[in-house]
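Everything on this sheet refers to the single structure shown next.
Values in this document were obtained by computation on a predicted structure and should not be read as measured data. Proteins come first, then strands; the chains are lettered A, B, ... in the order of their sequence lines, and each starts at number 1. Scope of the values below: all heavy atoms of this structure, side chains included, with no hydrogens, waters or symmetry mates.
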Number of protein chains: 2
Amino acid sequence: MIQDALRFERVQPVRLYERIVEQIEGAITRGELRPGERLPSERELVVQFGTSRATVREALRVLESTGVVRSRPGDPRGPEILEIDAESLRRPLARLAGAARLSLGQLIVSRMMLDSTANQLAAQLRTDEQLVWIERAVDTMRTALDEGEEAFSKADMAFHELITCVAGNPLIKLGHAAVRDTVLALISNTITDAADSRVVMQRSLAHHEEVLDAIRAGDGPRAAHASLRSLYEYYSGSVPETERAALKAMLPD
Amino acid sequence: MIQDALRFERVQPVRLYERIVEQIEGAITRGELRPGERLPSERELVVQFGTSRATVREALRVLESTGVVRSRPGDPRGPEILEIDAESLRRPLARLAGAARLSLGQLIVSRMMLDSTANQLAAQLRTDEQLVWIERAVDTMRTALDEGEEAFSKADMAFHELITCVAGNPLIKLGHAAVRDTVLALISNTITDAADSRVVMQRSLAHHEEVLDAIRAGDGPRAAHASLRSLYEYYSGSVPETERAALKAMLPD
DNA sequence: CGCAGCGCACTGGCCTGACCAGTAGGCGGC
DNA sequence: GCCGCCTACTGGTCAGGCCAGTGCGCTGCG
């Protein structure tokens with residue numbers, strides 16, 4: 001009976017450097033340490049934590065690899081507390097894409113989910129001021145059409161960045177950025193067939209205008225569906241036959 | 001003109017330990033190192049990489065903090081390559097929840113997105129065999145109703161775990177697990193009002209049966225909507241007024 | 001008096017060498 | 001044949017040291 005109630009967890013040694021990481025992360029979480037502020041120098045931390053420099057450094061390396069702080073050699077002000085951004089999600093995501101054999105199709109499905117949700121939220125939550133920004137972003141894309149692929153791609157990214165901001169959910173925003181980057185890294189040299197690049201851009205622009213229209217009308221589902229169709233159309237050709245079913249399953253009809 | 005074409009990136013010093021991390025991660029990505037296998041001992045790595053042990057250790061700490069490897073003191077077989085799991089996403093996610101002041105409402109919205117997408121995919125992609133598993137999972141929930149809250153909660157988690165597996169997208173699966181854990185950590189002691197816990201459980205079961213029904217029929221959108229309504233109903237009371245609009249924006253109608 | 005340039009004190013990056021508490025597997029005794 | 005100890009390793013931590021960088025204050029010049 002008692003055996004059922006009280007269950008023991010597997011004990012594991014807690015390393016000193018983990019304690020240090022916890023303390024620093026905790027201080028940031030509690031707002032005692034804000035982005036832009038500085039940590040004491042390594043040698044000062046050694047005194048405060050009562051460990052060796054090697055241990056302090058291991059903790060700092062962990063914090064640095066997850067994008068919490070950045071140390072620069074020679075800076076007397078000490079390690080800097082960083083703003084949180086997609087970087088902290090991108091790294092584990094990239095690992096997932098590699099080690100867990102995440103396929104392009106699975107990434108696209110995730111992108112469809114994130115993008116359509118962001119559009120839906122943006123359409124229903126946008127303010128009039130934000131609508132103006134979005135319209136301006138589409139205008140930028142329109143003019144970028146003549147400035148070549150790179151400019152268009154940049155404007156496209158800015159549009160989606162804006163949408164995810166308007167959606168008001170940092171998790172979706174960062175996830176979107178991380179997945180997009182991972183997708184781009186995976187197919188970097190697959191597309192860019194210069195011949196019909198203009199056609200592709202024009203079609204992309206048309207889809208974005210469709211989304212804009214739905215957002216203007218405050219029609220969430222329509223904005224979501226437009227994005228799903230757009231992504232499906234754009235990527236379904238690059239995805240192996242067996243995975244296309246998953247992409248299709250994301251479509252509403 | 002040239003200034004426009006060739007753009008320089010900000011150079012930043014590459015630390016030795018980062019090189020080591022790259023090499024080990026690369027070996028895993030390329031499949032040369034598989035989960036369960038062992039890395040050479042630290043002292044052996046020192047020889048292979050030609051650095052000091054401190055540097056090798058910093059690299060191992062980074063890999064360990066992201067859940068790639070695990071070292072145990074005294075184990076002559078060396079550090080172990082780990083299976084990839086939600087852990088690697090949960091940590092950065094938890095950081096996000098804290099440092100980026102991720103609110104409960106934003107987490108719930110993310111959960112709605114992940115859960116409904118998983119349901120939609122599961123409904124449209126399931127095999128008949130998988131359907132039987134899902135039906136069995138709902139049966140387990142039904143019997144768990146009388147075994148108390150903990151058992152029910154466990155069966156509930158098993159159900160969602162199964163759904164995300166059937167959906168066939170590890171990213172959604174891991175994201176779902178990570179977000180769910182974060183939500184639970186955030187409201188751990190908020191719910192569990194023993195008085196009406198049975199009512200809550202019964203309602204939850206009803207929602208799951210609705211989802212099951214849609215999955216049986218292969219009706220993705222219906223499965224998705226059922227999940228959205230269920231989560232909205234369950235959590236909208238716990239979310240501050242100002243954020244409820246975002247939850248509502250996730251609903252289809 | 002203002003400012004440009006230099007030097008210094010300090011930073012982080014990396015190394016060497018050492019000690020300790022654990023673990024696993026082989027070897028010896030029962 | 002099996003059990004239990006012993007040893008050769010493991011990782012965790014420490015101390016101390018060297019080096020290339022950086023920022024700031026001081027100095028000397030205009």
Side-chain angles (χ1 to χ4, degrees), chain A residues 8-25 27-28 33 35-82 87, chain B residues 8-25 27-28 33 35-82 87:
Chain A
F8 295 112
E9 291 180 354
R10 174 161 182 78
V11 294
Q12 43 196 347
V14 177
R15 286 73 177 275
L16 287 186
Y17 86 90
E18 286 182 335
R19 289 277 172 83
I20 298 179
V21 169
E22 281 169 20
Q23 283 201 45
I24 295 179
E25 275 190 338
I28 295 175
L33 242 36
E37 288 186 11
R38 303 304 183 121
L39 239 38
S41 75
E42 291 182 4
R43 286 165 176 87
E44 171 62 26
L45 290 174
V46 165
V47 176
Q48 289 192 27
F49 287 115
T51 67
S52 73
R53 190 145 92 96
T55 305
V56 167
R57 281 178 60 79
E58 287 181 13
L60 286 178
R61 290 294 80 77
V62 169
L63 291 171
E64 192 160 4
S65 76
T66 49
V68 182
V69 303
R70 173 183 49 194
S71 9
R72 274 184 324 147
D75 191 336
R77 293 169 300 182
E80 181 184 1
I81 311 283
L82 293 180
E87 201 55 47
Chain B
F8 295 113
E9 291 182 354
R10 176 163 182 77
V11 293
Q12 42 198 347
V14 177
R15 287 72 176 277
L16 287 185
Y17 86 91
E18 286 182 335
R19 289 276 172 83
I20 298 179
V21 169
E22 281 169 20
Q23 284 202 43
I24 295 179
E25 276 189 338
I28 295 175
L33 241 37
E37 288 185 10
R38 303 304 183 118
L39 238 40
S41 76
E42 290 183 3
R43 288 164 176 89
E44 171 61 26
L45 290 174
V46 164
V47 176
Q48 290 192 26
F49 287 115
T51 68
S52 75
R53 190 145 92 97
T55 305
V56 166
R57 281 179 60 77
E58 287 180 14
L60 286 177
R61 291 294 78 76
V62 169
L63 291 170
E64 191 159 6
S65 77
T66 48
V68 183
V69 304
R70 174 182 48 195
S71 335
R72 274 185 325 148
D75 191 335
R77 293 169 299 182
E80 181 184 2
I81 310 282
L82 294 180
E87 201 56 47

Heteroatom pairs (N/O) under 3.5 angstrom, protein to nucleotides 4-7 of chain C:
none

Counting primed atoms plus P, OP1 and OP2 as sugar-phosphate and everything else as base, spell out the protein contacts along nucleotides 4-15 of chain D at 4.0 Å heavy-atom distance: B, S or - for each nucleotide, 5' to 3'. ------BBBBB-

Any salt bridge linking E58(B) with R61(B)? Criterion: basic side-chain nitrogen under 4.0 Å from a carboxylate oxygen.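 Salt bridge absent between E58(B) and R61(B).
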
Starting at atom CD1 of I20(B), determine the distance to atom C1' of dC14(C), rounded to an integer number of angstrom.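 One finds 11 Å between C1' of dC14(C) and CD1 of I20(B), rounded.
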
Given atom CG of L45(A) and atom P of dT11(C), what is their separation to the nearest angstrom?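 One finds 10 Å between P of dT11(C) and CG of L45(A), rounded.
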
How long is the straight-line distance from CG of L45(A) back to CD of Q23(A), given to the nearest 0.5 Å?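 It is 10.5 Å, given to the nearest 0.5 Å.
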
Residue pair T51(B), I20(B): steps toward the side chain to side chain contact (heavy atoms under 4.5 Å, CB included) verdict: CA-CA 10 Å; T51(B) 68; I20(B) 298 179; 4.0 Å; yes

Quick one: side chain to side chain donor-acceptor pair (under 3.5 Å) partners of E22(B), sequence neighbours excluded?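 Residues passing side chain to side chain donor-acceptor pair (under 3.5 Å) with E22(B): none at all.
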
Taking every non-hydrogen atom, the tightest pair across P79(B) and S41(B):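 Result for this residue pair: CD-CA, 4.5 Å.
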
Give a yes or no on whether the backbone of G78(B) and the side-chain of R38(B) come within a donor-acceptor separation of less than 3.5 Å.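 Yes, the answer is positive, given that a donor and an acceptor are paired below the 3.5 Å cut-off.
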
Do V21(A) and L63(A) have side chains that get closer than 4.5 Å, going by heavy atoms?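 V21(A) reaches L63(A) side chain to side chain.
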
Test side chain to side chain contact (heavy atoms under 4.5 Å, CB included) applied to E64(A) and R15(B), step by step: CA-CA 12 Å; E64(A) 192 160 4; R15(B) 287 72 176 277; 2.7 Å; yes

